[in-house]
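Here is the structure we will look at, set down as structure tokens.
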Amino acid sequence: MNVQTQKIVGLLKKGSPEHQMAAAIVLGELRLRDREAVKALGQALASAPKPVRLACVEAMGKIALPAGLPFLLPLLEIEDGDTRGRALEALSSFGPKAVPFISKRLMDAPPAVRRALVTVLARIGDRRSTEALLSLIQAGHPEASREAAHALSERSAAMSRVERRAIRSKVERILRGSARKTHASTLSAGLGLLGAFGDTSSAPLILRLAGPGYPEAVRREALLAVGAALKGTTLSSKVLGGIFALLTDKVSQTLTTTALEVLYRMELPKGAATQLIRLLDARDPAVRRFAARKLGNIGGIRAARKLVELLGDPDPSLRDAVADSLSRMPESVTLLMDDLDHQTDVHRAWAVAHILKNHAQKIPKPMLRDHIKRTVDLLLRGERIAEPWMHVARHAGPKLLYSALMSRAGRLKKARRYEDVEAVLRPLLRTEQFDTNARFELALASLRATANVEGVSPRSPDSPLDLFKQLARDPAFPFMQRIRKERNHLDSEDLYWVGFHLAEGTGEEKSIGAELLKMVAQKEGKSKLGRNARNKLRLEGLNA
């Protein structure tokens with residue numbers, strides 16, 4: 001050590017805090033590889049103020065002489081986060097030279113220090129630090145093994161292909177060891193690391209550790225590792241069979257739940273349909289729900305047939321899963337239409353109708369026409385099940401439905417079956433096809449069906465008078481022309497009733513009301529109805 005260096009070290013030992021800090025910075029920038037200088041920096045850590053301490057730590061990291069390692073290690077335990085973080089960076093700066101020192105102290109270090117040292121080894125990232133982390137995995141310590149595996153997995157993205165292959169090979173060799181001789185913590189940590197590496201070639205070995213003969217914690221970790229390693233791929237039949245074997249009543253609920261967690265995230269091959277159909281009969285409700293949902297992705301007429309049967313299952317969560325899958329299976333349309341055709345349970349019929357809504361455009365036209373015809377028959381019989389039938393018709397063939405309803409209404413009107421006409425046309429209220437022609441026909445039929453019926457309010461929504469008012473406000477609708485055309489179906493009482501309420505309106509509505517009242521007054525003459533019509537005209541200030 002030359003004279004100038006001695007002076008700098010002297011300032012570090014006995015100078016003021018400002019001089020100590022300046023001395024530490026200079027030593028660090030000079031990267032003076034001198035044991036006495038490093039010792040002075042280390043001794044200053046004990047009593048120096050925080051700024052000086054941070055400068056000393058940084059200087060030791062730059063010099064990176066192994067003599068400084070014993071001074072830095074205790075700093076990983078102190079409460080000051082800045083100092084701890086700076087010490088971690090300094091230790092990492094030592095590189096491979098720090099590996100032997102750290103490796104010897106890993107197992108005996110307190111948990112917080114051990115985690116920091118594992119991080120340092122991962123940052124160093126050379127062959128010796130990797131070997132140290134692999135040795136820690138093999139140590140079988142419940143926490144240390146997991147921490148080492150996590151550190152390696154975090155660094156895996158930066159590894160070269162050769163390095164990853166070498167580490168994977170060593171981990172696989174560990175996992176092939178005897179289940180009795182290898183600690184469960186080692187197996188779990190190794191499995192987690194293989195899963196993070198995401199190499200599909202490791203899947204068979206990982207899956208082997210999910211089988212009997214291994215502790216439940218290891219088997220669970222193996223399942224999660226399989227899912228991670230095969231993420232984004234389609235499971236092979238061999239791997240799938242191994243996981244499906246854990247969906248039986250012979251294994252614990254924990255393993256079954258984990259297996260389902262993994263399988264939900266995976267894409268299953270088409271060949272899995274047969275096994276999934278068998279799982280629909282499992283005792284575990286969660287397994288049945290899983291099978292039902294996955295069959296929706298795979299499809300097939302056999303799957304659809306089985307799922308349709310389960311729409312009546314007592315388990316509501318299974319019914320929901322079945323409905324979701326059938327909504328994604330166009331091949332189920334014919335089966336669903338047939339089920340609806342034979343259904344007497346309104347709730348089940350609604351479930352089928354909501355599914356068919358998703359396949360509205362897939363229903364064959366001949367089948368749809370027959371469905372609509374039978375829907376109208378159900379309406380006329382007043383059966384509750386007509387509503388779900390109508391729901392399907394509205395979404396599958398709104399124009400066909402309109403044509404069928406209007407046609408049937410016309411025939412019923414000729415037979416003066418006004419209540420039936422109203423029953424047939426009222427469903428059109430909730431469709432885009434409810435045009436002015438349908439509105440007028442419904443208004444007329446409702447007026448005739450409710451004429452003089454006690455308790456029917458002419459001002460209630462969708463009442464005949466409300467519908468007539470809507471038509472009267474439409475300048476494009478030939479209101480009076482249609483009224484005159486329908487005189488065979490409307491008597492003076494009907495015209496008076498409509499005119500009476502329209503006359504209380506404004507604008508065109510009031511004018512049409514006046515015309516109707518004048519028609520009644522002229523036809524009925526001096527009868528009571530005629531006098532009432534003239535009185536109403538006078539009361540409303542209209543020319544009688």
Side-chain angles (χ1 to χ4, degrees), residues 66 69-70 72-79 81 84-85 87-159 163-164 166-197 202 205-206 209-210 214-225 228-229:
L69 290 170
L72 291 173
L73 189 62
L75 298 180
L76 297 176
E77 296 185 70
I78 66 175
E79 293 183 4
R84 277 203 320 274
L88 193 64
E89 292 176 11
L91 285 167
S92 302
S93 301
F94 279 73
K97 291 177 289 186
V99 174
F101 176 85
I102 293 174
S103 299
K104 291 177 182 177
R105 290 159 177 80
L106 271 175
M107 292 303 298
D108 297 328
V113 175
R114 184 185 64 240
R115 285 192 291 272
L117 293 177
V118 166
T119 300
V120 171
L121 289 174
R123 288 181 179 180
I124 293 172
D126 73 333
R127 181 184 61 80
R128 294 179 68 184
S129 64
T130 300
E131 289 291 345
L133 289 172
L134 288 172
S135 296
L136 190 57
I137 291 176
Q138 286 183 279
H141 188 284
E143 295 176 5
S145 296
R146 184 179 65 253
E147 291 160 3
H150 179 71
L152 286 172
S153 65
E154 287 285 296
R155 196 171 65 82
S156 62
M159 294 178 183
E163 186 179 4
R164 284 166 62 93
I167 293 174
R168 193 186 75 242
S169 177
K170 291 176 181 178
V171 173
E172 288 178 347
R173 190 158 54 247
I174 294 170
L175 297 182
R176 287 192 182 96
S178 169
R180 293 181 179 178
K181 295 180 180 180
T182 309
H183 199 282
S185 298
T186 296
L187 296 174
S188 294
L191 287 166
L193 184 55
L194 287 186
F197 276 16
S202 299
L205 171 62
I206 296 174
L209 273 73
Y214 290 91
E216 183 174 285
V218 173
R219 299 176 72 184
R220 182 180 182 279
E221 195 66 46
L223 285 170
L224 295 174

Next on the checklist: My understanding is that only residues two or more places apart in sequence, or in another chain, count here; which of them pass side-chain contact (heavy atoms from CB on, under 4.5 Å) with Ser169?
Outcome noted: Arg173

Checklist entry - Tell me, do Glu172 and Ser202 make a side-chain contact under 4.5 Å, heavy atoms counted? => result yes

Checklist entry - Can you check whether Val120's main-chain N or O pairs, donor with acceptor, with Ser92's side chain at less than 3.5 Å? => result no

Checklist entry - Heavy-atom distance under 4.5 Å between the side chains of Arg84 and Ile78, does that happen here? => result yes

Item to check | Partner set under side-chain contact (heavy atoms from CB on, under 4.5 Å) for Ala225, not counting sequence neighbours | outcome: Leu191, Ile206

Checklist entry - Hey, mind stepping through Leu136 and His141 against side-chain contact (heavy atoms from CB on, under 4.5 Å) and telling me if it holds? => result CA-CA 8 Å; Leu136 190 57; His141 188 284; 5.7 Å; no

Next on the checklist: Could you check whether any side-chain heavy atom of Leu88 comes within less than 4.5 Å of a side-chain heavy atom of Leu75, counting everything from C-beta outward?
Outcome noted: no

Checklist outcome for this item: Sorted by chain and residue number, the salt bridge (charged side-chain N to carboxylate O under 4.0 Å, His left out) partners of Glu89 (sequence neighbours excluded) come out as none

Checklist entry - Can you list every salt bridge (Lys or Arg N to Asp or Glu O under 4.0 Å) pair that touches residues 109-122, not counting sequence neighbours? => result Arg114-Glu143, Arg114-Glu147, Arg115-Glu147

All N/O donor-acceptor pairs, side-chain side in residues 148-157, below 3.5 Å, sequence neighbours left out:
| residue | atom | partner | partner atom | Å |
| --- | --- | --- | --- | --- |
| Ser153 | OG | Ala149 | O | 3.3 |
| Ser153 | OG | His150 | O | 2.7 |
| Arg155 | NE | Ala122 | O | 3.3 |
| Arg155 | NH1 | Glu163 | OE2 | 3.3 |
| Arg155 | NH2 | Thr130 | OG1 | 3.1 |
| Arg155 | NH2 | Glu163 | OE2 | 3.0 |
| Ser156 | OG | Ser153 | O | 2.6 |

Next on the checklist: Side chains of Leu187 and Glu221, heavy atoms from C-beta outward: is any pair under 4.5 Å?
Outcome noted: no

Next on the checklist: Give me the atom names and distance for the closest heavy-atom approach of Gly125 to Ser129.
Outcome noted: N-OG, 3.2 Å

Checklist entry - Who pairs with Pro215 by side-chain contact (heavy atoms from CB on, under 4.5 Å), at least two apart in sequence or on another chain? => result Ala184, Val218

Checklist entry - What pairs of residues pass the salt bridge (Lys or Arg N to Asp or Glu O under 4.0 Å) test when at least one of them lies in residues 118-140, not counting sequence neighbours? => result Glu131-Lys170

Next on the checklist: So which atom in Gly190 and which in Ile137 form the shortest heavy-atom distance, rounded to 0.1 Å?
Outcome noted: N-CG2, 4.3 Å

Show me the donor-acceptor pairs within less than 3.5 Å that the side chains of residues 96-105 make with the rest of the protein, sequence neighbours left out.
| residue | atom | partner | partner atom | Å |
| --- | --- | --- | --- | --- |
| Lys97 | NZ | Ala64 | O | 2.7 |
| Ser103 | OG | Val99 | O | 2.8 |
| Arg105 | NH1 | Phe101 | O | 2.9 |

Checklist entry - What do the steps show when you test Leu194 against Arg168 for side-chain contact (heavy atoms from CB on, under 4.5 Å), and what is the final call? => result CA-CA 7 Å; Leu194 287 186; Arg168 193 186 75 242; 3.4 Å; yes

Next on the checklist: Between Phe197 and Val171, is there a side-chain heavy-atom distance shorter than 4.5 Å?
Outcome noted: no

Item to check | All side-chain hydrogen bond (donor to acceptor under 3.5 Å, both in side chains) counterparts of Arg220, not counting sequence neighbours | outcome: Thr258

Next on the checklist: I need the minimum non-hydrogen distance between Tyr214 and Gly177, along with the two atoms involved.
Outcome noted: OH-O, 4.5 Å

Next on the checklist: So Ile124 and Leu91, do their side chains get closer than 4.5 Å, heavy atoms only?
Outcome noted: no

Checklist entry - Taking only residues two or more places apart in sequence or in another chain, which ones pass salt bridge (charged side-chain N to carboxylate O under 4.0 Å, His left out) with Glu77? => result none

Item to check | Spacing of OG belonging to Ser185 relative to CD belonging to Gln138, to within rounding of 0.5 Å | outcome: 13.0 Å

